[in-house]
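This is a predicted model, so every value here is computed, not measured. Just so you know, residue 1 is the first one in the sequence shown, and it goes up from there.
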Amino acid sequence: KELELLYEMNSKVFEGNSAGEKMSAQQVEVLTVADNKKLVLRVLLHAADMGNPTKPWNVARDWAYRVLEEYANQGDQEKRIGIPV
């Protein structure tokens, strides 16, 4: 909803762009405002999180195991430096 609101508030800036076309200076300006940039980055991260299960099973499984291993390693590091886990 936040991304939709961002687009609605700036729709005139984004209208008329076709795929592959470079962004205008105005469009870049809208997307580099700190709050807008954070929003777009959150949306991209969410899309990446949601996209893994849509990959072929062997790829999704491999990435899921990599994430689990990263979480376990992070927990081990936090224990070593005394952060409650």
Side-chain angles (χ1 to χ4, degrees):
K1 289 187 179 199
E2 290 176 77
L3 190 60
E4 190 176 331
L5 181 60
L6 173 66
Y7 176 79
E8 286 176 13
M9 290 172 53
N10 298 284
S11 61
K12 291 205 187 302
V13 173
F14 290 101
E15 284 178 0
N17 248 32
S18 25
E21 190 177 319
K22 284 189 175 184
M23 291 189 349
S24 70
Q26 264 187 319
Q27 291 168 331
V28 171
E29 185 179 337
V30 167
L31 295 176
T32 55
V33 171
D35 288 342
N36 297 347
K37 189 174 181 179
K38 286 179 189 175
L39 172 62
V40 171
L41 290 173
R42 281 197 329 261
V43 169
L44 290 173
L45 181 60
H46 181 67
D49 286 346
M50 298 303 294
N52 190 50
T54 66
K55 294 180 178 131
W57 171 246
N58 60 329
V59 174
R61 183 190 60 229
D62 289 349
W63 276 107
Y65 279 116
R66 289 175 186 177
V67 169
L68 288 174
E69 185 177 344
E70 183 179 339
Y71 287 160
N73 290 338
Q74 181 178 344
D76 293 345
Q77 289 176 359
E78 290 172 354
K79 283 179 189 174
R80 273 195 298 277
I81 61 174
I83 296 175
V85 179

Q: Would one find more than 12 heavy atoms of other residues, nucleotides or ligands at under 6.0 Å from atom CD of E29?
A: no
Q: In Å and rounded to the nearest 0.5 Å, what is the CG to CG distance from L39 to L44?
A: 9.5 Å
Q: Other hydrophobic cluster members with M50, side-chain heavy atoms of Ile/Leu/Val/Met/Phe/Trp/Tyr under 4.5 Å, chained?
A: none
Q: Are V30 and V28 grouped together when hydrophobic residues (ILVMFWY) are joined by side-chain heavy atoms under 4.5 angstrom apart?
A: yes
Q: How long is the span from the CD atom in E69 to the CZ atom in R66, to the nearest 0.5 Å?
A: 9.5 Å
Q: Tell me which pairs pass salt bridge (Lys or Arg N to Asp or Glu O under 4.0 Å) where either residue lies in residues 35-46, with sequence neighbours left out.
A: E2-R42
Q: Just checking, any donor-acceptor pair under 3.5 angstrom between side chains of Q74 and E70?
A: no
Q: What's the spacing between W57 CH2 and D62 CG if we round to 0.5 Å?
A: 9.5 Å
